[in-house]
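Before any comments, here is the structure.
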Amino acid sequence: MASRCTRTCLVLNKSVVDSEKEVEPKGPITYEEFNSLPVEKLRGIGDKRKADLEKIGITSLLDLLLTYPRKWVDRTNECRLSDLVPGVEAMVLVEVRSVNKRMTKNRRSLITVVVGDGSARLTLTFFNQPYREKQLREGLTISVFGKAEEYRGSLQMTNPVVDLIGDRTGRIIPIYPQSGEHGIKTWEFAGWIENVLTRSVARGIFDPLSAAELEKIGLVSRNDALRNIHTPDTLATKELARRRLAFDELLRVQLVLVGRKRALERESLGIRHSEGGTLVQSFLSALPFPLTGAQQRVISEIHADMLAGHPMHRLLQGDVGSGKTVVAVASLLTAVEGGYQGALMAPTEVLAEQHSAGVRNLLEGITVHDSANLFGSRPLRVDLLTSRITGEQRREILQGLEEGTIDIVIGTHALIQESVKFRQLGAVVVDEQHRFGVEQRAALRDKSLTGAGGKPIVPDVLVMTATPIPRTAAMTVYGDLDVSVLDELPPGRTPIDTHWASGEADEAMVWAAVREGVAQGQQAYVVCPLIEESEKVEAAAAEDTFQVLSAGELSQCQIGLLHGRMSSTEKEQVMNAFRRNEINVLVATTVIEVGVDVPNATMMVVLDADRFGIAQLHQLRGRVGRGLIASHCWLVTHPKDDALVHEAGPRVEALVGSTDGFELAEIDLELRGAGTLMDADQSGTSDLKLASLRRDRELIELARAVAFDIIENDPTLEEHRALRDEISILLTASNAEFLARN
Ligand code: ADP
Ligand code: MG
């Protein structure tokens with residue numbers, strides 16, 4: 001290592017290196033200090049490299065230090081060429097002996113590279129990668145990963161993965177992200193970073209956690225971690241380093257989320273809803289079914305929140321059909337009990353209307369206390385407010401809300417318009433959260449009163465989602481909310497049988513099954529392919545399917561059509577006809593995805609199912625399986641013309657294999673990676689380079705616990721300046737903004 005240092009020796013900014021010249025020795029170097037040192041301070045980085053680095057977002061020594069290797073090659077684990085087994089993947093470390101270029105018959109470039117390691121030779125062939133000719137020079141050491149095959153008596157690898165090692169020594173070689181575009185070689189990164197690390201040995205790297213704390217939670221120091229992620233002696237020390245640095249990433253995100261949560265609790269007054277009323281009790285005991293254990297548990301969690309002095313901000317996760325509506329109504333009634341109003345916001349008109357009908361039904365005959373009334377009580381008043389409600393009717397509802405004669409209002413985003421004023425909004429339930437943005441959530445919460453000292457009195461907010469996300473992922477995406485889970489379905493549900501249907505013969509059987517079900521009085525949904533780009537094209541596709549089925553396979557059935565381009569009145573008529581079974585088969589786009597509840601619908605056909613995501617398929621499938629008759633779901637895909645074997649694809653396979661939303665969410669996370677959890681608020685996920693929401697569950701919990709400890713004693717991180725700085729330097733804008741407010 002020392003020899004290389006003399007070769008590319010460089011001089012860092014004085015404050016980092018010349019500690020011996022300082023009158024007072026400085027303490028360890030913080031991220032903030034590394035961040036203040038531009039890359040051109042490093043000898044070896046001139047204007048060209050500076051510009052190249054800037055293109056990939058690296059301008060400071062901190063950026064360099066936090067450019068982690070993409071992988072690590074362990075020389076001692078490499079296979080010798082003489083040990084290669086045909087047909088088995090292996091990694092070899094070799095030297096380039098010769099490079100040859102020619103054209104194939106159909107004018108594609110073919111580069112043939114002969115490599116050796118002293119034990120044997122191997123031929124690498126690259127099709128259509130003409131740049132390999134320049135990249136792979138004779139004498140270069142490269143790491144090659146691929147599957148060797150016998151070819152004319154010798155071994156050959158076709159299009160293997162190649163990493164340029166340069167002339168680096170040492171047992172474990174870090175491989176940095178490199179792309180042809182900026183042309184920075186992995187050994188250049190390694191050289192620069194190693195020099196930064198070498199030069200900061202004297203002062204060491206600042207650790208926001210004390211040695212005692214680190215020991216308690218079983219993590220290595222940041223100083224060791226940064227060295228061992230870049231220049232590990234063994235893969236085991238590299239893994240310890242990764243754990244520590246991943247923890248740091250998670251801690252920054254959790255500090256923001258926990259800080260935000262605590263700030264909300266601190267800065268706003270909640271409503272202490274009253275205890276001991278009879279409204280909720282009489283509602284629950286009038287239900288035609290007993291609550292599930294999960295419903296009881298979650299209702300008491302919410303109840304406890306609502307009785308407390310700070311505003312509730314809780315996420316309720318519950319699979320489709322787990323009975324979230326009852327929980328929502330119980331929460332709204334807790335507010336009504338003490339003379340407040342409740343609001344339930346749904347993402348679509350269809351859903352708001354359905355909720356309105358369902359909730360009124362549940363609340364039939366329930367009365368509320370009314371001192372102005374001779375009999376001391378009056379019927380509970382529930383109203384619906386959507387953009388379809390206009391004129392006199394709308395004015396009346398707005399007035400009722402302002403005067404407080406409406407107890408519960410159900411609606412769409414129409415509820416958060418300026419013109420809507422409440423007398424005393426006490427509780428808000430937002431259904432199917434993933435359809436709403438964070439701002440909309442906040443807007444409804446902001447319909448609050450002002451209390452003593454000008455502090456806003458914030459209503460209690462319950463956010464409900466039927467898209468389960470794994471617990472630890474929820475902690476990162478929704479880390480500023482408390483989480484309740486309805487993890488139990490009401491008894492008596494018959495599980496949905498899910499089948500994969502592929503090709504014409506299968507499809508004919510699907511329609512035959514639908515006809516038979518309809519003949520027995522059951523109903524079906526047919527969901528048409530999802531077309532991202534345009535609601536118009538999507539509607540046209542649904543209309544096509546409607547025509548084809550009406551004229552063909554399902555000509556004996558009453559078929560209806562539902563898509564987003566229809567007017568709300570049309571939609572309403574179709575839905576009502578479907579509820580009354582005047583329509584047997586509903587051909588629809590994904591407008592039926594959320595919340596629609598028709599228990600007699602027991603069949604679901606999803607066309608081109610491979611074009612949907614797991615969460616969406618699960619939502620769609622949740623429309624059936626709501627009654628006592630066994631339900632079926634057919635996921636239809638079309639074999640691709642050029643495919644030899646037609647496969648269902650991992651998403652369709654997952655759906656066929658499981659009806660458990662949480663299990664599916666785990667698979668989804670596995671397949672898609674973290675960044676794409678949901679379309680809503682992505683807090684934090686893009687701030688994670690090393691941490692994985694999937695693999696690092698236990699680290700997430702640890703980071704959250706540590707964040708709670710820190711925020712508890714130091715809510716605005718006054719005494720943790722270094723952490724504050726790190727958050728504002730490293731976290732994406734929306735997260736760092738939390739600090740600006742504090
Ligand atoms: P989701 O969680 O999908 O919103 P819903 O609240 O719409 O579920 O409930 C689905 C169905 O289950 C409704 O018809 C509802 O009346 C019924 N239900 C809710 N809770 C129970 C229970 N504890 N026992 C039996 N049926 C229930
Ligand atoms: Mg629901």
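Numbering of ligands and ligand atoms starts at 1, following listing order.
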Between [Y] and [X], is the closest basic N to carboxylate O distance under 4.0 Å?
X	Y	answer
E349	R388	yes
D383	R394	no
D482	K261	yes
R314	D305	yes
D487	R297	yes

Polar atom proximity, [X] to ligand 1 (N or O, under 3.5 Å):
X	value
P290	yes
G318	no
G321	yes

Just let me know how [X] lines up against ligand 1, side chain, backbone, both or neither, with a heavy-atom cut-off below 4.0 Å.
X	result
D319	backbone
T292	both
Q295	side chain

#### Entry: Option nearest atom 8 (O) of ligand 1 (shortest heavy-atom distance, choices G323, P599, A294)
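Answer by nearest heavy atom: G323.
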### Closest non-hydrogen atom pair, V429 against A328
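So the minimum-distance heavy-atom pair works out to CG1-CB, 3.8 Å.
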What atoms of ligand 1 come closer than 4.0 angstrom to any heavy atom of [X]?
X	answer
T325	4 (O), 5 (P), 6 (O), 7 (O)
R626	3 (O), 7 (O)
S322	2 (O), 8 (O)
L291	23 (N)

### Task
List in chain and number order the residues that pass ring-ring contact (aromatic ring centres under 6.0 Å, His included) with H273, two or more places apart in sequence or in another chain; answer none if no residue qualifies.
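With sequence neighbours excluded, H273 shows a ring-ring contact (aromatic ring centres under 6.0 Å, His included) to Y340, given in chain and number order.
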### Task
Output all residues satisfying side-chain contact (heavy atoms from CB on, under 4.5 Å) with Q573, sequence neighbours left out; order by chain, then residue number.
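With neighbours one apart ignored, the set is T569.
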